[in-house]
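Structure record follows, encoded as structure tokens.
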Amino acid sequence: MLAIFIFAVIASSIRNADRTGYYVASLYMMPLPWIASEMGWFVAEFGRQPWTIAEILPTFLSTSTLTELDIYLSLAGYISLYTVFLIIEMFLMIKFIKLGPSSLHKGRYHFEIATGAPL
């Protein structure tokens with residue numbers, strides 16, 4: 001993920017660079033954050049098991065102390081937060097789609113007046 005970020009910085013700084021490879025790599029990189037999150041969970045869980053099996057770590061310490069209510073509240077918090085994020089994201093996307101690319105005022109479109117040009 002770090003390599004694709006560095007490549008994106010370099011590709012965006014070169015004006016006429018061919019970005020096809022970057023777009024393809026970005027497409028294949030989309031599941032990597034989820035995979036990294038899952039692998040972190042695996043490492044935490046599998047690292048705990050040998051200590052419990054060898055009776056070095058007591059079983060009551062290797063289990064969670066969360067109550068059912070704690071789990072439901074944290075799940076409700078995550079769902080609420082990400083629902084708010086989704087609403088904000090959709091609002092912004094629709095707003096800027098309606099404005100169109102000329103809202104960036106780059107002067108690349110025939111109906112825009114170039115910045116700094118006399119009227």
Side-chain angles (χ1 to χ4, degrees):
M1 288 185 289
L2 182 60
I4 194 70
F5 175 74
I6 292 170
F7 183 66
V9 169
I10 293 169
S12 65
S13 65
I14 300 172
R15 188 171 199 90
N16 294 327
D18 181 26
R19 293 181 178 92
T20 307
Y22 166 70
Y23 295 141
V24 171
S26 295
L27 180 68
Y28 289 116
M29 293 290 211
M30 284 176 26
L32 282 185
W34 179 79
I35 292 170
S37 174
E38 291 297 315
M39 291 301 108
W41 180 79
F42 281 158
V43 168
E45 293 303 316
F46 286 119
R48 186 180 311 172
Q49 294 305 317
W51 298 101
T52 304
I53 293 170
E55 296 181 1
I56 297 171
L57 180 67
T59 306
F60 73 91
L61 288 177
S62 64
T63 60
S64 176
T65 59
L66 294 175
T67 65
E68 188 176 348
L69 179 64
D70 291 337
I71 293 171
Y72 284 135
L73 288 176
S74 66
L75 181 61
Y78 280 120
I79 290 172
S80 301
L81 181 67
Y82 282 101
T83 301
V84 169
F85 286 163
L86 175 67
I87 291 168
I88 292 170
E89 177 70 19
M90 295 308 293
F91 170 76
L92 291 173
M93 287 176 64
I94 291 170
K95 174 184 173 184
F96 287 109
I97 287 170
K98 286 180 180 177
L99 288 175
S102 63
S103 67
L104 299 173
H105 305 294
K106 295 289 186 181
R108 295 181 181 171
Y109 302 97
H110 64 89
F111 52 84
E112 287 185 309
I113 298 173
T115 313
L119 296 175

Donor-acceptor pair, side chain of Ser37 and main chain of Pro33, under 3.5 angstrom: no
Gap between atom CE of Met30 and atom CD1 of Ile35 - 0.5 Å precision: 11.5 Å
Among Leu81, Ile87, Leu86, the one residue meeting side chain to side chain contact (heavy atoms under 4.5 Å, CB included) with Thr83: Ile87
same_hphob_cluster(Tyr72, Ile79) at 4.5 Å side-chain heavy-atom cutoff: no
Exercise: identify the closest heavy-atom pair between Met29 and Met1: CE-N, 4.2 Å
Hydrophobic cluster membership, Leu69 vs Leu66, 4.5 Å side-chain cutoff: no
Residues Phe5, Val9; criterion side-chain contact (heavy atoms from CB on, under 4.5 Å); working and verdict: CA-CA 6 Å; Phe5 175 74; Val9 169; 4.0 Å; yes
In one Ile/Leu/Val/Met/Phe/Trp/Tyr side-chain cluster, 4.5 Å: Trp41, Phe46: yes
Parallel, tilted or perpendicular: rings of Phe85 and Tyr82 (30°, 60°): perpendicular
Nearest-0.5 Å distance, CG of residue Leu92 to CD1 of residue Ile97: 10.5 Å
Leu99 with Phe91, same ILVMFWY side-chain cluster at under 4.5 Å: yes
Minimum heavy-atom distance between Gly21 and Phe7, given as atom pair plus value: C-CE2, 4.4 Å
Connected via hydrophobic side-chain network under 4.5 Å: Ile88 and Met93: no
